[in-house]
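For reference, the structure discussed in these notes is given below.
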Amino acid sequence: MFNEKVLSLVKQIPRGRVTTYREIARALGTKAYQAVGNALRSNPDAPFVPCHRVVKNDGCVGGYKGVKDSRVKAELLEKEGVIVTDGIIDMDKYLFSFHYPVS
DNA sequence: CGCTTGACACCGT
DNA sequence: AACGGTGCCAAGC
């Protein structure tokens, strides 16, 4: 299940860093970045899956548990050391990339 | 150049 | 099999 794969990658995100659905999808070797967001949407309650560290490719918070209003995500990131501004994260500073397979 | 909107494709259920 | 939901990309102005 993609869900499980996504969770595994998200779990690998180091604290104080953020990732994008796109990176996760690529790391999985798939282009279903949309499914990543969809999968996290139904698995944010997993204590092993800090989906709050996953943002859009633009650095905008894609939302939390399907709740776009959940500022807790931005606040949570700030607590980890990530500077979040109006829901926008400094990807240039916190964007964490997985090790892509040599394609 | 900057910003916005529309359309598309993918997965899960 | 279809629908829904999400994010990315492109084009247009």
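Below, chain A is the first sequence line, B the second, and so on; all start at residue 1. Treat the numbers as computed from the prediction; the structure is a model and nothing was measured.
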Query raised in the report: Which of residues 51-62 of chain A have a heavy atom under 4.0 Å from DNA chain C?
Result: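 Hits under 4.0 Å, by residue number: A:K56, A:N57, A:D58, A:G62.
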Nearest-Å distance for atom pair [atom1]/[atom2], residues [X] and [N]:
| X | N | atom1 | atom2 | answer |
| --- | --- | --- | --- | --- |
| A:K65 | C:dG5 | NZ | P | 19 Å |
| A:K73 | C:dT6 | NZ | P | 13 Å |
| A:L28 | C:dG7 | CG | P | 16 Å |
| A:R26 | C:dG7 | CZ | P | 18 Å |
| A:R41 | C:dG7 | CZ | C1' | 13 Å |
| A:L40 | C:dG7 | CG | P | 9 Å |

Query raised in the report: Under the ring pair (Phe, Tyr, Trp, His ring centres under 6.0 Å) rule, what pairs show up with a residue in residues 75-96 of chain A, not counting sequence neighbours?
Result: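 Residue pairs passing ring pair (Phe, Tyr, Trp, His ring centres under 6.0 Å), neighbours aside: A:F96-A:F98.
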**Report entry** Shortest non-hydrogen separation from A:G62 to A:K73 and the atoms involved
**Finding:** N-NZ, 3.7 Å
Query raised in the report: Which pair of heavy atoms, one from A:V55 and one from A:C60, lies closest together, and at what distance?
Result: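 Between these two residues, the closest heavy atoms are CB-O, 3.6 Å.
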Query raised in the report: Does A:A35 have any side-chain contact (heavy atoms from CB on, under 4.5 Å) partners at least two apart in sequence or in another chain, and if so, which?
Result: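 With sequence neighbours excluded, A:A35 shows a side-chain contact (heavy atoms from CB on, under 4.5 Å) to A:A32, given in chain and number order.
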Query raised in the report: Taking protein heavy atoms under 4.0 Å as touching, what does nucleotides 1-12 of chain B look like 5' to 3' if B marks base contact, S marks sugar-phosphate-only contact and - marks none?
Result: --------BBBS
Report summary line: Rounding to 0.5 Å, atoms CZ (A:R26) and OG (A:S97) come to a distance of 11.0 Å
Query raised in the report: Which side chain to side chain donor-acceptor pair (under 3.5 Å) pairs, counting each pair once, include a residue from residues 54-65 of chain A, with sequence neighbours left out?
Result: none
Requested in this report: For the residue pair A:L9 and A:L28, establish whether any side-chain heavy-atom pair is separated by less than 4.5 Å.
Outcome: yes
Report summary line: side-chain hydrogen bond (donor to acceptor under 3.5 Å, both in side chains) filter on A:E80, not counting sequence neighbours, yields A:H52, A:R53
